[in-house]
> 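Have a look at this one.
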Amino acid sequence: MNWSFLKTEIESGDFLIDCRSQSAYEEETLEGAYYYPFVKKAFGSDPESQKKLYGPLLAVVQEIQKSKKTRVIVFDEGMGMFSTRLVYLLRCMGIKESYVLGKKWPVEGKKQPGNLKLEPPIADKTKPIEGVVDKPYMERNLTKLQIFDARTMDEYEGRLPRLTAPEEGTLCGRLPGAFLWDWRNLYDGEANLIERSVFKKRLNGFPFMPERPTVIYDYNGARSCLLALMLREAGYIDVSTYQGSWFEWRKSNLPKQAVSIFGGKQTTAAAPRAGGVDRKKV
């Protein structure tokens, strides 16, 4: 694996965070590993939702700083959405020595039942998180952005509102002008991340420029973080995730494409952004 945000070995002085399920963590985890439930939650980008994300994230940063440990290793069953989400957010908060464990569970090391589950408090106030944008930003800059949709083809084409447990009557669709990059296509047939050279070759198939602002979204802001880490390492200068993602955008009166109601009748799609055509899908 040639991605710098991956580490294949754990060292004795690492701050460990387990992003597997809570039941798996409580049954057995690496000795000293923490568990933060907030990383699995969906957050909008309104002020109150931002406090619910910022408070716990700040508490994790403070816990890391208090420990005096210089490197953070985050792991889950593989190199999945929750470990990459937390590493991306920690890096956005200034903890640059944060890495995803590039191995699949179980991994070597002394294990014990997990007993460091922490639910940090909601913040009284919040600060902008570098690399995470909100709905007003998206609305102001929609026609200027390079946008990746990290969901599946069914979600992108408006057939499903979300990949897991879709609810009847929920609005399906996508942000105008978004290009599809199915998050699952960032892995090879053995569930390892594709090589950087393969990623960059596929990236060349998009009409994107590394210097232009690029935003990634999915359903709830989790799947997009892996693509954000990879784009930054591939030389993209201005990369952000849209935290509210489709979870938030679908509830707004902002323009949408491929609109339908899940389990209901197809509705008329909103007009696309400048250019007037649906975007390329891979």
Side-chain angles (χ1 to χ4, degrees), residues 1-41 53-121 129-132 186-187 190-196 199 221-234 239 241:
M1 299 176 190
N2 55 359
W3 295 102
S4 67
F5 59 83
L6 296 179
K7 293 293 182 185
T8 56
E9 301 298 330
I10 295 174
E11 299 175 359
S12 59
D14 290 337
F15 189 99
L16 303 176
I17 303 176
D18 189 338
C19 285
R20 298 175 303 139
S21 70
Q22 183 175 322
S23 59
Y25 170 78
E26 291 173 349
E27 181 179 343
E28 183 181 68
T29 189
L30 291 174
E31 185 177 37
Y34 287 80
Y35 184 82
Y36 297 101
F38 82 93
V39 75
K40 296 181 180 289
K41 297 177 181 178
L53 172 63
Y54 183 78
L57 190 55
L58 180 61
V60 177
V61 169
Q62 291 171 340
E63 192 72 30
I64 293 167
Q65 293 170 337
K66 188 170 69 173
S67 75
K68 306 292 186 184
K69 295 181 178 179
T70 58
R71 197 173 79 155
V72 180
I73 300 293
V74 187
F75 63 93
D76 54 24
E77 287 84 358
M79 292 137 274
M81 72 175 79
F82 295 118
S83 58
T84 53
R85 181 190 203 187
L86 189 51
V87 165
Y88 179 76
L89 290 172
L90 287 174
R91 289 186 171 204
C92 289
M93 291 286 285
I95 308 296
K96 301 303 182 186
E97 294 295 308
S98 300
Y99 303 95
V100 176
L101 182 63
K103 287 185 175 180
K104 298 169 189 172
W105 187 268
V107 297
E108 294 180 5
K110 190 173 180 182
K111 301 187 177 67
Q112 64 179 40
N115 59 5
L116 293 172
K117 173 190 167 189
L118 299 179
E119 300 239 27
I129 301 173
E130 182 271 330
V132 179
L186 299 174
Y187 298 87
E190 298 180 348
N192 294 312
L193 294 186
I194 58 176
E195 294 291 327
R196 185 163 49 186
F199 175 76
R223 287 174 276 177
S224 53
C225 293
L226 174 56
L227 182 54
L229 287 169
M230 296 171 87
L231 284 171
R232 286 185 172 191
E233 196 158 322
V239 177
T241 61

> For residues F5 and M230, determine if any side-chain heavy atom of one lies less than 4.5 Å from a side-chain heavy atom of the other.
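Sidechains of M230 and F5: in contact.
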> Taking C-beta and beyond as the side chain, do Y187 and L193 meet within less than 4.5 Å on heavy atoms?
yes
> Side-chain contact, heavy-atom cut-off 4.5 Å: V60 with F38?
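Yes, their side chains come closer than 4.5 Å.
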> Report yes if the side chains of Y36 and L57 come closer than 4.5 Å at any heavy-atom pair, otherwise no.
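No, their side chains stay 4.5 Å or more apart.
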> Are W3 and V100 side-chain neighbours, meaning at least one heavy-atom pair lies under 4.5 Å?
no
> Are the side chains of L30 and K110 in touch, meaning some heavy atoms are under 4.5 Å apart?
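A side-chain contact under 4.5 Å is absent here.
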> Are R20 and F75 close enough that some pair of their side-chain heavy atoms sits under 4.5 Å apart?
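Sidechains of F75 and R20: in contact.
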> With no hydrogens and no angle check, is any side-chain donor or acceptor of Y25 less than 3.5 Å from a backbone partner on L116?
yes
> Kindly list each side-chain donor-acceptor pair under 3.5 angstrom involving residues 83-93, sequence neighbours excluded, with atom names and distances?
{"unit_1": "S83", "atom_1": "OG", "unit_2": "D76", "atom_2": "OD2", "d": "3.0"}
{"unit_1": "S83", "atom_1": "OG", "unit_2": "G80", "atom_2": "O", "d": "3.2"}
{"unit_1": "T84", "atom_1": "OG1", "unit_2": "G80", "atom_2": "O", "d": "2.8"}
{"unit_1": "T84", "atom_1": "OG1", "unit_2": "M81", "atom_2": "O", "d": "3.2"}
{"unit_1": "R85", "atom_1": "NH1", "unit_2": "V39", "atom_2": "O", "d": "2.5"}
{"unit_1": "R85", "atom_1": "NH1", "unit_2": "K41", "atom_2": "O", "d": "2.8"}
{"unit_1": "R85", "atom_1": "NH2", "unit_2": "K41", "atom_2": "O", "d": "3.1"}
{"unit_1": "R85", "atom_1": "NH2", "unit_2": "N220", "atom_2": "O", "d": "3.4"}
{"unit_1": "Y88", "atom_1": "OH", "unit_2": "G131", "atom_2": "O", "d": "2.6"}
{"unit_1": "Y88", "atom_1": "OH", "unit_2": "R232", "atom_2": "NH2", "d": "3.4"}
{"unit_1": "R91", "atom_1": "NE", "unit_2": "S98", "atom_2": "O", "d": "3.0"}
{"unit_1": "R91", "atom_1": "NH2", "unit_2": "S98", "atom_2": "O", "d": "2.9"}

> To the nearest 0.5 angstrom, please state how far the CD atom of E28 sits from the CD atom of Q112.
10.0 Å
> What is the distance from atom CD of E97 to atom CD1 of I64, rounded to the nearest 0.5 Å?
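These two atoms lie 11.5 Å from each other.
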> Give a yes or no on whether E108 atom CD has more than 12 heavy-atom contacts from other residues, nucleotides or ligands under 6.0 Å away.
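No, the 6.0 Å shell around CD holds no more than 12 heavy atoms from other groups.
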> Just verifying a value: how many Å separate I73 CD1 and E9 CD, rounded to the nearest 0.5 Å?
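I73 atom CD1 to E9 atom CD measures 10.0 Å (nearest 0.5 Å).
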